[in-house]
Every structure is written in C-alpha cells, then in structure tokens.
Visitor: 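Pasting a structure below so you can have a look.
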There are 2 protein chains.
Amino acid sequence: MGEGETNAFPLIWTQRQQPRRRGLDREQITAAAIRVADEAGLDGLTMKAVAARLGPYSPMALYRHVHSKEGLFDLMLDAATAEIPLPGEPGDDWRRDLRTLALETRRMTSRHPWFAVLVHARPPAGPHMMRRLEFMLTVLVRRGATVGDAMTYAVLIDRHVLGSALQESEEARLERRHGLDDDARLYAAIATLRELAAADGGLPHLTEWLTHPAGPTPEERFVIGLDFVLDGIAARLA
Amino acid sequence: MGEGETNAFPLIWTQRQQPRRRGLDREQITAAAIRVADEAGLDGLTMKAVAARLGPYSPMALYRHVHSKEGLFDLMLDAATAEIPLPGEPGDDWRRDLRTLALETRRMTSRHPWFAVLVHARPPAGPHMMRRLEFMLTVLVRRGATVGDAMTYAVLIDRHVLGSALQESEEARLERRHGLDDDARLYAAIATLRELAAADGGLPHLTEWLTHPAGPTPEERFVIGLDFVLDGIAARLA
DNA sequence: GCTATGCGTATACGACATAAACTTTCCAAA
DNA sequence: TTTGGAAAGTTTATGTCGTATACGCATAGC
C-alpha cells in the first residue's frame, strides 16, 4: 500500500512497463499473439503458440512480461484498436464522422476476427480504446447531446458494429472448424439445415430462404443497420 | 450412406433420440446444465458439474446421451428459446409483434445470461429457434417484405437483442469473477478506470462520465436501440 | 432363468494455463 | 577486471478440462 497499486482487479494498464533491456517485450509479444490469432483463430491462440512464433521460447517466458493471458488480451485489443484511423478533431459533419469511424472499425475487425469475441471479455481500458470512445463522445456532445446520451449512442453504434463482427466471425470459425471452406461440404451442411426445417413442416419462409438464400450481403446488411442507428440518433439530436 | 446420417457436421438435431428406457435422458441433462450455467456461469459449466447436479453420476455418463459438450450447448440453447412465448399466428400490428418478441427474448436472456454467449457459437438449428425465426419472417413477409429482406431485418433485431444481452452478461461475469459484487470494490474498480482516463489528459468527456455515470439505464438503452431498428424497418417497409 | 442390449463407470490421454523453483545472462558498480 | 544482483528464460509440476476406450453390470424381453 502507498504504492498506487491497489487495484480492484488486474488490468495490464495499471502495471509496470518494464524498462526494456533485452529479449522480449510487450510489443513483440502482442504482435506475435495477433499474428497467431489472425491465422489460427482464438482456438489456436495458446501461450505455447505465441512463444513458438517469437522464436525458441517456452510458454513461461511470456509470463515475465504479461503476467496472464488476460493481460495479453488487453494488449491485443488495444493494439488492434490503434489500427483504426482516428481524426485528431471531429469534422463539421457528425454523421460522417461516426459513420466513417464505424466503417473503419469494421475494416479492422475483418482483419482481426477475434477482436469482437475478446472485446466483450475485458474492460475497454486501453489508451487507444479510450481515445476512440472519447472521439465518439466529443462528436455527439458538440451536436448538443449530454454526455450520458452520447455514451448511449456510442454504445449503440458499437453494439451494432461489434455484434455484426461477432456474428460473422463466429460463423467463419464454425465453418473452419468443420472444414466447410470446401464448397461441397458447405452445401451439404446447408442442405442438412434445410432438411431439418422442411421436416418440421411449419417453416415455409425459412425453408424457402435456405433453398434460395437471398437478400443483402452481410456488408450491405451492416450498412443498413448502421444507418438505422444513425437515423435514430439524428432524430433524437434534432 | 442411404441412412440419412451423412452430416457435414454434428448437430445434435440430426442424431438419434434414444428410445428412453431408464436412467438419464437429454431433457434432464439439459435442465441440469441450464441450472448449473444460471448459477455458476459458463465458467462453471463443466461436464463434471452437470453430472454432479444430476446425482451421483460420473461426467462420462452424460456422453451416452449428448455425445459432446457442444451437443449439450445445442440442447440448452433450444430449451431456453422454448421459454420465449411465441404467438401461434402474427397479430395485425407487425411492429407490436416484433417488439414483444424482442422484449420477451430479452427477458429470457436476463434469466439465462449464458445464452447470448453460446448462441453465436452454434448454428440456430433447434426446432424452437427455427420456429421463432419463422415467426419473425412471417410477420415481415405479410407486411410486404421479401424473404431476403425479412431475414435481414430479423437478423438486425436479434443482433441488437443479443448484442445487448452479451454486453451486459459479460460485464456481470467480469464483475463476479473479480468480486465486484461488493460495492466498495466496484467503486474502486471504477475509480481505477477514471484515474487511467484522467491520466491520459485528453479524455474530458470520458472522465466526466466515469466521475458521474449518467444517462439512460441499460434497459432504457435497450429500448431506445430497439426502436431505432424498428423505425428503420418501418421506413423501408413503407 | 437366459441372454443381448444399453447404461454408467474407471481409467487414461493430451491439451491447457500457470505456480514455483531453478539457471543463465548481462549490466553496473567497485 | 571482478563481482553482485536483478532480470530473463527454462524446467518441472499441478490441477482442470473434454473425451476416447474398454469394461462391468443391471435390466428387459424371451
């Protein structure tokens, strides 16, 4: 006590950044972890895999620098957030600012599908995550929203962005896990679903859709939903 | 082949329902698993815990009936979905139908916080999940939407409902894992975040909010976002 | 009563995160 | 140049998990 380290819980952001001498550091480890997760998915993100990616290291080597896997998650999330371009100042069109940020966030999550899964498991306390949120709040407050309302709107936008990302990423994970990257097998899996729906007897629309999946692409869906949210915010800002 | 069991992947719905003679069955196991998950969270949902909840059983006993933990997930998800009241037929107010369904779904997820986490990890192929989706499609198609558009709108509604549930449930999980159900510790954790934000120097709105968290309650937020989606759908149906 | 079926168990295996104790490396001061 | 000690990395070990396999036993149908 008296050290300023009386944390209610272990966020890596409240822990000492080592002075850096030689060997590994947080940055390298984070970058390696991100590469592993991008390539092998969250299932493949083990301490052993990250260590191996860094060279001839043992899994335990990482603990000197990140103290737990969750700490590594914090670092990964913030590093990925740092990839999202963030204007220094809001422009004069709030809607464009928020729309662009949402689209850029989506671009990031499509590079890093694990992001949407992890982000819900840790508090958004990294510096880049906080700065991104501050940007959204600033844009909205300048348009007359209270901070409380601005937080609500920001949360709703992120819910859509990250919800979309999560759904698409988990779908991809499922397909990968069961080898459905092969077209024939994917078709067979859909056929199984269609048969289940048809067997029920009372599911005409669902059966029809499974027979001829139609409608907007996932990307178009995302934009439609994003505009729903932005329209709603606009109506309340007015 | 020739058996109808050439599954591209193992959904429990395509597997034989045992004739039931004695001992355990899927229904009991599912109910026990749901109780365990409700009480101990997903982290506490182990095969061992479920077996123990059923009586003096070994974890391996479950495998006779569910063949894998993921199969158990499928059963849990569908059983929880079955708790959502579903009208036999749509009424004459599409918006009311969808709104009610969304609110009832939310009620279910607040009883079963694990739902929103698991639902993304498995295809929604259970009978109750399919019937619920069919209901949404029917409501929308009757109002003139194509099946493809109806699917989009249904997905957007669920994205909001489940996204909200996920965020709130993971927040609760985090708080539980770190003993923040104690008010003093929770306050300390928030103070830590505020200090981090204040230390950055460039986060006035976020710092302000962390000092005096204001704005709508989570429940109000949910309704605001739900109406954004419903308004958006209404505009496109017209 | 006999036998086949199928239910539950015991045992075992291979991942995984990570605690603790150790060894090695390298810098800084004497 | 020597030396003390901290920092970096490894080894070993522990406990938990899902689950494959092989087995014993009770029961249901004859």
Side-chain angles (χ1 to χ4, degrees), chain A residues 9-12 15-30 32-33 36-37 40-76 114 117-118 121-122 173-174 177-178, chain B residues 9-12 15-30 32-33 36-37 40-76 114 117-118 121-122 173-174 177-178:
Chain A
F9 73 52
L11 282 170
I12 203 165
Q15 269 143 18
R16 286 213 326 84
Q17 192 83 261
Q18 76 282 33
R20 284 269 31 271
R21 308 236 169 185
R22 64 182 190 282
L24 300 173
D25 69 355
R26 285 184 179 176
E27 219 171 286
Q28 295 173 55
I29 294 176
T30 306
V36 169
L42 271 187
D43 297 333
L45 182 71
T46 66
M47 300 305 267
K48 185 174 157 192
V50 175
R53 170 64 69 117
L54 285 163
Y57 292 102
S58 92
M60 292 310 293
L62 308 183
Y63 284 88
R64 181 77 44 182
H65 306 272
V66 299
H67 94 283
S68 84
K69 198 176 181 183
E70 297 214 314
L72 182 54
F73 291 166
D74 283 338
L75 293 168
M76 292 172 70
W114 46 267
V117 183
L118 283 192
R122 303 290 307 162
R173 188 175 81 104
L174 213 63
R177 288 222 312 154
H178 294 286
Chain B
F9 72 54
L11 281 171
I12 203 165
Q15 270 141 18
R16 291 217 21 65
Q17 192 82 263
Q18 77 281 37
R20 284 273 19 270
R21 310 241 166 181
R22 62 183 190 279
L24 300 173
D25 69 354
R26 285 184 178 176
E27 218 171 288
Q28 295 173 55
I29 294 175
T30 306
V36 169
L42 271 187
D43 296 335
L45 182 70
T46 66
M47 299 306 266
K48 185 174 158 191
V50 175
R53 170 64 69 119
L54 284 162
Y57 290 102
S58 90
M60 291 312 293
L62 308 182
Y63 283 87
R64 183 78 49 185
H65 304 272
V66 299
H67 95 283
S68 86
K69 197 177 183 184
E70 298 216 309
L72 182 53
F73 291 166
D74 284 336
L75 293 168
M76 293 172 70
W114 45 267
V117 184
L118 282 192
R122 303 291 305 163
R173 188 174 80 104
L174 212 62
R177 287 224 311 155
H178 294 286

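Within every chain, numbering begins at 1; the chains are lettered A, B, ... in the order of the sequence lines, protein sequences first and strands thereafter. Computed from a predicted structure; not experimentally measured.
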Visitor: Hey, could you give me the OG/CE distance between A:S58 and A:M47, rounded to the nearest 0.5 Å?
Guide: 10.0 Å
Visitor: Separation of A:H65 atom NE2 from C:dT18 atom C1', in whole Å?
Guide: 16 Å
Visitor: Can you pull out the residues from residues 41-49 of chain B that lie within a 4.0 Å heavy-atom distance of DNA chain D?
Guide: B:L45, B:T46, B:M47
Visitor: Rounded off to whole Å, could you give me the CD-to-P distance for the A:E70 and C:dA17 pair?
Guide: 12 Å
Visitor: In Å, rounded to the nearest 0.5 Å, how long is the span from CG of B:L62 to NZ of B:K69?
Guide: 11.0 Å
Visitor: Using every non-hydrogen atom in the two residues, find where A:V36 and A:V50 come nearest and quote the distance to one decimal.
Guide: CG2-CA, 4.2 Å
Visitor: For A:I29 and D:dA8, what is the distance between atoms CD1 and P respectively, to the nearest whole Å?
Guide: 10 Å
Visitor: Specify the residues of residues 53-63 of chain A, ordered by number, for which at least one heavy atom lies under 4.0 angstrom from an atom of DNA chain D.
Guide: A:P56, A:Y57, A:S58, A:M60, A:A61
Visitor: Could you state the atom-to-atom distance from CZ of B:R26 to C1' of C:dC7 in whole Å?
Guide: 15 Å
Visitor: Distance check needed: D:dG9 P versus A:H67 NE2, whole Å only.
Guide: 18 Å
Visitor: Among A:H65, A:R26, A:E70, which residue meets the side chain to side chain contact (heavy atoms under 4.5 Å, CB included) test with A:I12?
Guide: A:R26
Visitor: Do other residues, nucleotides or ligands put more than 12 heavy atoms under 6.0 Å from B:K48 NZ?
Guide: no
Visitor: Does a side-chain heavy-atom distance below 4.5 Å link A:L45 with A:F73?
Guide: yes
Visitor: How far does CG of B:L42 sit from CG of B:L118, to the nearest 0.5 angstrom?
Guide: 4.5 Å
Visitor: Between D:dG24 atom P and B:R64 atom CZ, what is the distance in whole Å?
Guide: 15 Å
Visitor: Within this structure, what is the CG-to-P distance between A:D25 and D:dA8, rounded to whole angstrom?
Guide: 10 Å
Visitor: Looking at every non-hydrogen atom in both residues, tell me the closest pair between A:A49 and A:G44 and how far apart they are.
Guide: CB-O, 3.5 Å
